[in-house]
Amino acid sequence: MHSRKVVAACIDVPCIGPIDVFSAHLSWWDDGFPEQFQRLSDWADSRRGGEVAATLLCGDFNIAAGSLGYRLVVDGHRYEDQYLAANAPALFQQIFRVDDAHWRDQLADDYRIDYVFMNKDSGLRATSARVLFTEQDYGRVSDHCGYLLEFEPL
């Protein structure tokens with residue numbers, strides 16, 4: 001099994017409150033993703049209290065949109081894909097609110113393996129999301145792109 005790491009920080013955002021942010025690098029499905037994601041979500045849940053405004057699980061999850069790993073996250077009904085929420089609100093609704101059986105087909109061309117998942121009980125809403133660290137935007141810094149998301153309180 002690969003050595004995978006997660007770091008956590010609690011950031012006190014003025015006018016919003018504390019936000020727990022986890023930066024993760026998890027393994028591929030066959031190399032331990034299900035167990036690693038369960039430990040990550042359990043850790044995040046254990047830190048969640050009445051004072052935490054939001055919990056964000058961010059980073060390299062090594063799961064393609066629509067894959068078994070992504071379905072594990074979706075089917076848990078606790079964390080939601082915020083890049084999708086900001087950029088494809090109709091599809092987000094179909095996946096995370098309606099639970100349409102055919103949603104996986106609509107993610108066939110989505111090749112992300114990096115995500116920003118937010119606890120569905122969080123007090124924030126993603127208002128925009130864009131890809132960074134591409135040839136056109138700041139330049140490449142690794143074999144992964146970055147995501148810049150903006151949120152507002154509910």
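We number each residue from 1, following the sequence as shown.
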Next item on the list: Under the side chain to side chain contact (heavy atoms under 4.5 Å, CB included) rule, what do F92 and R97 come out as? Steps first, then yes or no, please.
Entry: CA-CA 8 Å; F92 176 84; R97 301 293 186 263; 3.8 Å; yes

Next item on the list: Applying side chain to side chain contact (heavy atoms under 4.5 Å, CB included), run through T127 and R125 and close with a yes or a no.
Entry: CA-CA 6 Å; T127 57; R125 179 180 75 84; 3.5 Å; yes

Next item on the list: Evaluate side chain to side chain contact (heavy atoms under 4.5 Å, CB included) for W43 paired with V6, printing each intermediate quantity in order.
Entry: CA-CA 10 Å; W43 182 24; V6 178; 3.5 Å; yes

Notebook entry, point to check: Could you walk me through whether D114 and Y83 pass the side chain to side chain contact (heavy atoms under 4.5 Å, CB included) check?
Noted result: CA-CA 10 Å; D114 301 286; Y83 183 84; over 6 Å; no

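Here the straight-line distance linking atom CG of D20 with atom OG1 of T55 works out to 5.0 Å at 0.5 Å rounding. Separation of atoms OH (Y70) and CD1 (I113) is listed at 14.0 Å; rounding is to 0.5 Å. Atom CG in D121 sits 8.5 Å away from atom CD in E80 (nearest 0.5 Å). Here CD of Q93 is found 10.5 Å from CG of L84. Values are rounded to the nearest 0.5 Å. Annotation: the span from L107 atom CG to R71 atom CZ amounts to 10.5 Å, rounded to 0.5 Å. Between the CH2 atom of W28 and the CG atom of L68 there is a distance of 13.0 Å, given to the nearest 0.5 Å.
For N119, the side-chain hydrogen bond (donor to acceptor under 3.5 Å, both in side chains) test picks out no residue, with sequence neighbours left out. Partners of F61 by ring-ring contact (aromatic ring centres under 6.0 Å, His included), not counting sequence neighbours, listed by chain and number: F117. Every side-chain hydrogen bond (donor to acceptor under 3.5 Å, both in side chains) that D45 has, sequence neighbours left out, goes to R78, Y79.
With respect to R112 and D81, a salt bridge is recorded, a charged nitrogen being found less than 4.0 Å from a carboxylate O.
Side chain of Y147 to main chain of C58: no donor-acceptor pair is present (N/O by atom type, distance under 3.5 Å, no hydrogens or angles). In this structure a side-chain-to-backbone donor-acceptor pair under 3.5 Å is present from N62 to L26.
Using a 4.5 Å cut-off on side-chain heavy atoms (C-beta onward), L56 and L149 make no contact. For the pair I63/F37, no side-chain contact is recorded, criterion being any heavy-atom separation below 4.5 Å from C-beta on. With a 4.5 Å cut-off on side-chain heavy atoms, R48 and S122 count as touching.
Of all heavy-atom pairs spanning C10 and R47, the tightest one is CB-NH2, 3.8 Å. Here the closest non-hydrogen pair linking G17 and A53 is C-CB, 4.5 Å. Considering all non-hydrogen atoms of both residues, A86 and S128 come closest at CB-C, 3.7 Å.
Clustering ILVMFWY residues whenever any of their side-chain heavy atoms sit less than 4.5 angstrom apart, transitively, puts I19 in a cluster other than the one holding V52.
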